[in-house]
Structure formats: structure tokens, C-alpha cells
Amino acid sequence: MHASGSLETLMAASLSSSPNSSSSSCSSPCSLRIGIVGFGAFGQFIAKTLVKQGHSLSAYSRSDYSLICSQMGITYFREIDQFCMVEHDVILISTSILSFGDMLNLIPFHCIPKPMLMVDVLSVKEFPRDHFLQVLSQEFDILCTHPMFGPESGRNGWSGLPFMFDKVRISKDDHRSKICDDFLHIFKLEGCRMVEMSCEEHDQLAAQTQFITHTMGRILSELDIKPTPVDTKGFQSLLALRDNTMKDSFDLYSGLFNHNRFAIQEWLRLEHAIEAVKTKLLKDKDHALDAVTTKFLRDKKHESN
Ligand SMILES: NC(=O)c1ccc[n+]([C@@H]2O[C@H](COP(=O)([O-])OP(=O)(O)OC[C@H]3O[C@@H](n4cnc5c(N)ncnc54)[C@H](OP(=O)(O)O)[C@@H]3O)[C@@H](O)[C@H]2O)c1
């Protein structure tokens, strides 16, 4: 059973709480009915802004978030079938990268009122794009996105923060394309820097940047670095990087590696870079040793003359 009230009450509430239940009825951006699948750290983080902007939200997740949802004014479903029957404009998938495939297998797509805009926020992009294209019929529009910020970096607002998106498959139909534009408007309104690029390009760049950042943070955590009375600014930055990285789940980090085909080459480049630095260091040490030995031999020669 869902967490609160009858299904009919919830559906009625969900429908009526949207002042513009159909985006086609207004030319300016409309309030949307958004269903969130996966209500963990990121799902809750994004929901706060969606609620603030006046969108009508419902949520489904593996765990029970009925209390937190009722506090936020969000309709919570404990059963995926019942969640899917609600008239949404958008379904936003915010589960872990690792569970994305299983979650799609769980969703009864035949129960979802169509047309429907499916959006994901996964930190890798080719992986959800390929899954969506595999399981979704043409009645579903597909928007792959990656808000390049989270509960930490976006805690004081989203202004100036990058929002990556790829309109993988959006119907030219006026109503359907407007839903997509209205969804993107949410992030424009918050001042995000809107970055449209292909999922492939995203994964290449994110492997070079985000994956390396998380890897460094995880390595610093393994090193067990601690603050000292003589910390430099540089070291304080490393502590901050470690702390920020470790707030994200290991599932997220694992997903960045296992579901981005470009991550392995960045891992190898990292290993190579460590070896290159080590070689340079040892070479300098060898030079220093050579100099000491030469001086020692020269001194000995002088003594014997
Ligand atoms: N954190 C960030 O800064 C950030 C930024 C941009 C995008 N993202 C993306 O947002 C998504 C969510 O990230 P997150 O930070 O909330 O942490 P996460 O650990 O990547 O994902 C947690 C979410 O996945 C669900 N989940 C995990 N394993 C599951 C399973 N076996 N079956 C069903 N559901 C499962 C959890 O559900 P329950 O809580 O119900 O167990 C929760 O909703 C990820 O795809 C991530 O890449 C995160």
C-alpha cells in the first residue's frame, strides 16, 4: 500500500494541486506535475527547489520516505504501480547509477499515461540514454540531464552552476516539446548555466573532471589525512575535497567508473601520471647521489695526491 490515503484521493490531490494541469494551456512556463523515482539525497535535494517553484510533486523510492514527503507537501507512494498510474507531465529518475537498470525493469511502463517525458539525472549519460532507448516506446520523450552540482555544492542556490542536458528524443508535437522546455526552464530560473551537449561528450569530459575529482577525494580518504596546527591553504583544500567526496555514496563513485566507458582510460592516465612523477623524483635523487659520489671521489683523489 502507499503510505497515506487512498489511491483515488492521492491521484485527485496530485491532479488538482497543479494550477495548470496541462502545459499546452499556457504559453509561458507552466507548473508541472513531476514524479520522482528515487528519493535519496539527490532526489530530496532537487525536490526542495521544485516545490519552491510551485510544481506538483509525487515520489516513489525503495525506502519509506512518507514522513519527509508529507513535511514537504509531496505525495509519497510505496508501490511503483500506483505511482505510475498518476497523471504526471514528467517522470524524473534519481536512483543510483548501479540500480538504474533494475529500476527500469520494475516500472510498469504500460500503466503510465502517455505521452510522458522521461528524465534522468544520473552522473553518467550514455548508460541511461541507451537503457531509455531500449525500453521506451515512441510515446515517451527522453531528456537526459546531469545537474553538475548536489546537496553540498548547490546548498546556497544553483546560480552559475552548470546544468548539462541532451534532448535525446523529444517529439516535435507542440505540447510535448513545451513540457520539455518548461522542465528545462526550472533550471534556467534558478540561474543555472545551461549546457546542451551529447551524452557521449558529457561522459568524455566528466571522466576527465568529475571522476578524477572523486578518485582524488577517495585516495585522500584512504590516506587518512587529518588537520594539523601547521596546515597550509593547499592542504586545507585537500581536506575539503576529501570531506566533500566522502559525503557522496560509494555507489555513486562506483557508477562513475563502471558505467562510463571513458573512466578506465582516465584511471590508467592517473596511474601513469603517478609513475611519471615518481620517476622524475627518483631521477633527481639519482642526480643528487651522483653529485655526492663525484665530490667524494674527487676529494679522495686530492687527498691521495
Ligand atoms: N549527489 C550528487 O551530488 C548528485 C549530483 C548530480 C546527479 N546525481 C545523481 O543522482 C542520483 C542519486 O544520487 P544520490 O546522491 O541520491 O545517491 P546514490 O547513492 O547515487 O543513489 C541513491 C538513490 O538510489 C536508490 N537506490 C539505491 N540502490 C537501489 C536499489 N538497489 N533499488 C532501488 N533503489 C535504489 C536509493 O533509494 P532509497 O533511498 O529508497 O534506498 C536512492 O534514492 C544518482 O544517479 C547520481 O548519479 C547525484
Side-chain angles (χ1 to χ4, degrees), residues 2-3 34-50 57-69 72 74 76-81 83-84 91-108 118-132 143-158 161-166 183 186-187 190 192-195 199 202-203 205-207 209-211 213-215 217-218 240-241 243-260 263:
H2 45 78
I34 303 173
I36 299 182
V37 176
F39 207 65
F42 193 78
Q44 291 172 39
F45 164 72
I46 204 166
K48 274 184 210 140
T49 299
L50 301 181
L57 262 61
S58 61
Y60 163 83
S61 206
R62 173 183 61 169
S63 310
D64 183 2
Y65 291 108
S66 47
L67 184 62
I68 184 161
C69 276
M72 294 174 76
I74 296 170
Y76 192 69
F77 292 88
R78 299 251 27 220
E79 298 291 340
I80 188 75
D81 294 23
F83 168 87
C84 286
I91 292 181
L92 176 85
I93 313 274
S94 179
T95 56
S96 67
I97 299 167
L98 301 186
S99 65
F100 181 77
D102 288 344
M103 184 53 77
L104 286 198
N105 286 335
L106 202 69
I107 296 177
M118 298 295 292
V119 179
D120 84 284
V121 292
L122 270 58
S123 306
V124 295
K125 294 274 50 87
E126 288 191 312
F127 173 66
R129 176 201 63 193
D130 294 348
H131 265 72
F132 272 158
L143 176 68
C144 288
T145 79
H146 185 194
M148 307 296 301
F149 49 88
E152 280 307 308
S153 50
R155 68 164 58 209
N156 296 319
W158 303 355
L161 299 175
F163 179 86
M164 174 270 160
F165 66 99
D166 184 1
F183 181 80
I186 292 169
F187 300 89
E190 294 302 313
C192 287
R193 188 159 53 78
M194 306 300 284
V195 184
C199 292
H202 167 278
D203 282 3
L205 297 179
T209 57
Q210 190 186 25
F211 172 66
T213 309
H214 280 245
T215 301
R218 298 259 157 202
L241 172 63
D243 292 345
N244 277 342
T245 309
M246 297 311 287
K247 278 178 191 147
D248 284 324
S249 68
F250 190 79
D251 270 14
L252 198 157
Y253 178 56
S254 173
L256 292 181
F257 181 71
N258 287 302
H259 293 292
N260 181 342

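Every number for a ligand or one of its atoms is a count from 1 in the order of the listing. In what follows, residues are counted from 1 in the order of the sequence shown. All values below were derived from every heavy atom in this structure, side-chain atoms included, with hydrogens, water molecules and symmetry-related copies excluded.
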Worksheet item: Hey, are the side chains of Ile186 and Leu50 touching, using non-hydrogen atoms and a 4.5 Å cut-off?
Response: yes
Worksheet item: Can you find a heavy atom in the side chain of Met194 that is under 4.5 Å from one in the side chain of Phe187?
Response: yes
Fill in: Minimum side-chain heavy-atom gap Val195-Phe163 below 4.5 Å
no
Practice prompt. Answer yes or no: does an N/O atom from Phe39 fall short of 3.5 Å to an N/O atom of ligand 1?
Written response: yes
Worksheet item: Numbering the atoms of ligand 1 from 1, which are under 4.0 Å from a heavy atom of Met103?
Response: 33 (C), 34 (N)
Worksheet entry | Subset of ligand 1 atoms that lie under 4.0 Å from at least one heavy atom of Ile97 | 45 (O), 47 (O)
Discussion item. Just to confirm my output: which protein heavy-atom neighbour is closest to atom 46 (C) of ligand 1, and how far is it?
Written reply: Ser123 OG, 3.5 Å
Worksheet, complete the sentence: Note: Phe211 and Ala263 closest approach over all heavy atoms is CE2-O, 3.6 Å
Worksheet item: Which heavy atom of the protein is the closest neighbour of atom 31 (N) of ligand 1, given with residue, atom name and distance?
Response: Arg62 NH1, 3.3 Å
Worksheet entry | Closest approach of any protein heavy atom to atom 3 (O) of ligand 1, naming residue and atom | Gly150 CA, 3.3 Å
Item to complete: Pull out every atom of ligand 1 sitting under 4.0 Å from any heavy atom of Gly40, numbered as shown with elements.
Response: 16 (O), 39 (O), 42 (C), 43 (O)
Worksheet item: Which part of His146 is near ligand 1, with near meaning a heavy atom under 4.0 Å away: side chain, backbone, both or neither?
Response: side chain
Discussion item. Starting from atom 35 (C) of ligand 1, what is the nearest protein heavy atom, named by residue and atom, and what distance separates them?
Written reply: Ser99 OG, 3.3 Å
Fill in: Option nearest atom 39 (O) of ligand 1 (shortest heavy-atom distance, choices Phe42, Phe127, Tyr65)
Tyr65
Check residues 249-257 and write down every donor-acceptor pair under 3.5 Å in which the side-chain atom is one partner and the other belongs to a residue at least two apart or another chain.
unit_1	atom_1	unit_2	atom_2	d
Ser249	OG	Leu252	N	3.1
Tyr253	OH	Thr215	OG1	2.8
Ser254	OG	Asn258	ND2	3.0

Practice prompt. Just jot down the ring pair (Phe, Tyr, Trp, His ring centres under 6.0 Å) partners of Tyr60, sequence neighbours excluded, or say none.
Written response: none
Worksheet entry | Shortest protein contact, atom 9 (C) of ligand 1 (heavy atom only) | Val121 O, 3.3 Å
Worksheet item: Which is closest to atom 45 (O) of ligand 1 by heavy-atom distance: Thr95, Leu92, Ile80, Asp102?
Response: Thr95
Worksheet entry | Within reach of ligand 1, part of Phe45 (heavy-atom separation under 4.0 Å) | neither
Worksheet entry | Side chain, backbone, both or neither: Asp248 near ligand 1, heavy atoms under 4.0 Å | side chain
Worksheet entry | Residue part near ligand 1, for Ser96, under 4.0 Å between non-hydrogen atoms | both
Practice prompt. Starting from atom 12 (C) of ligand 1, find the nearest protein heavy-atom neighbour and note its residue, name and distance.
Written response: Ser94 O, 3.2 Å
Worksheet item: Taking heavy atoms and a distance under 4.0 Å, where does Met148 meet ligand 1: side chain, backbone, both or neither?
Response: neither
Worksheet, complete the sentence: Looking only at non-hydrogen atoms, the one of Pro147, Pro128, Ala41 nearest atom 6 (C) of ligand 1 is Pro147
Fill in: Heavy-atom closest pair, residues Gly38 and Thr95
CA-CG2, 3.9 Å
Worksheet, complete the sentence: So for Ser63 against ligand 1, with non-hydrogen atoms under 4.0 Å, the contacting part is both
Response to the item:
Heavy-atom nearest pair, Ser94 first then Ile36, reads CB-CG2, 4.4 Å
Worksheet item: Of all the non-hydrogen atoms in the protein, which one sits nearest to atom 5 (C) of ligand 1, and at what distance?
Response: Phe149 O, 3.2 Å
Worksheet item: Are Lys125 and Asp120 close enough for a salt bridge, meaning some N to O gap below 4.0 Å?
Response: yes
Worksheet item: Any N/O of Ser61 closer than 3.5 Å to an N/O of ligand 1?
Response: yes
Worksheet item: Between Phe100 and ligand 1, which part of the residue brings a heavy atom under 4.0 Å of the ligand: side chain, backbone, both or neither?
Response: neither
Worksheet entry | Side-chain heavy atoms of Phe127 within contact of Cys199, under 4.5 Å | no
Worksheet entry | Pairwise side-chain contact, Leu98 with His259, heavy-atom cut-off 4.5 Å (strictly under) | yes
Worksheet, complete the sentence: When distances are taken from atom 17 (O) of ligand 1, the protein heavy atom at minimum range is Ser249 OG, 4.0 Å
Discussion item. Can you tell me how far apart NZ (Lys48) and CZ (Arg155) are? Round to the nearest 0.5 Å.
Written reply: 9.5 Å
Discussion item. Between ligand 1 and Ser153, can you find any atom pair, the residue atom being a heavy atom, that is separated by under 4.0 Å?
Written reply: no
Discussion item. How close do Gly150 and Phe42 get, counting heavy atoms only, and between which atoms?
Written reply: CA-CE1, 4.0 Å
Worksheet, complete the sentence: Here the pair of heavy atoms bringing Gly154 nearest to Phe45 is O-CE1, 3.7 Å
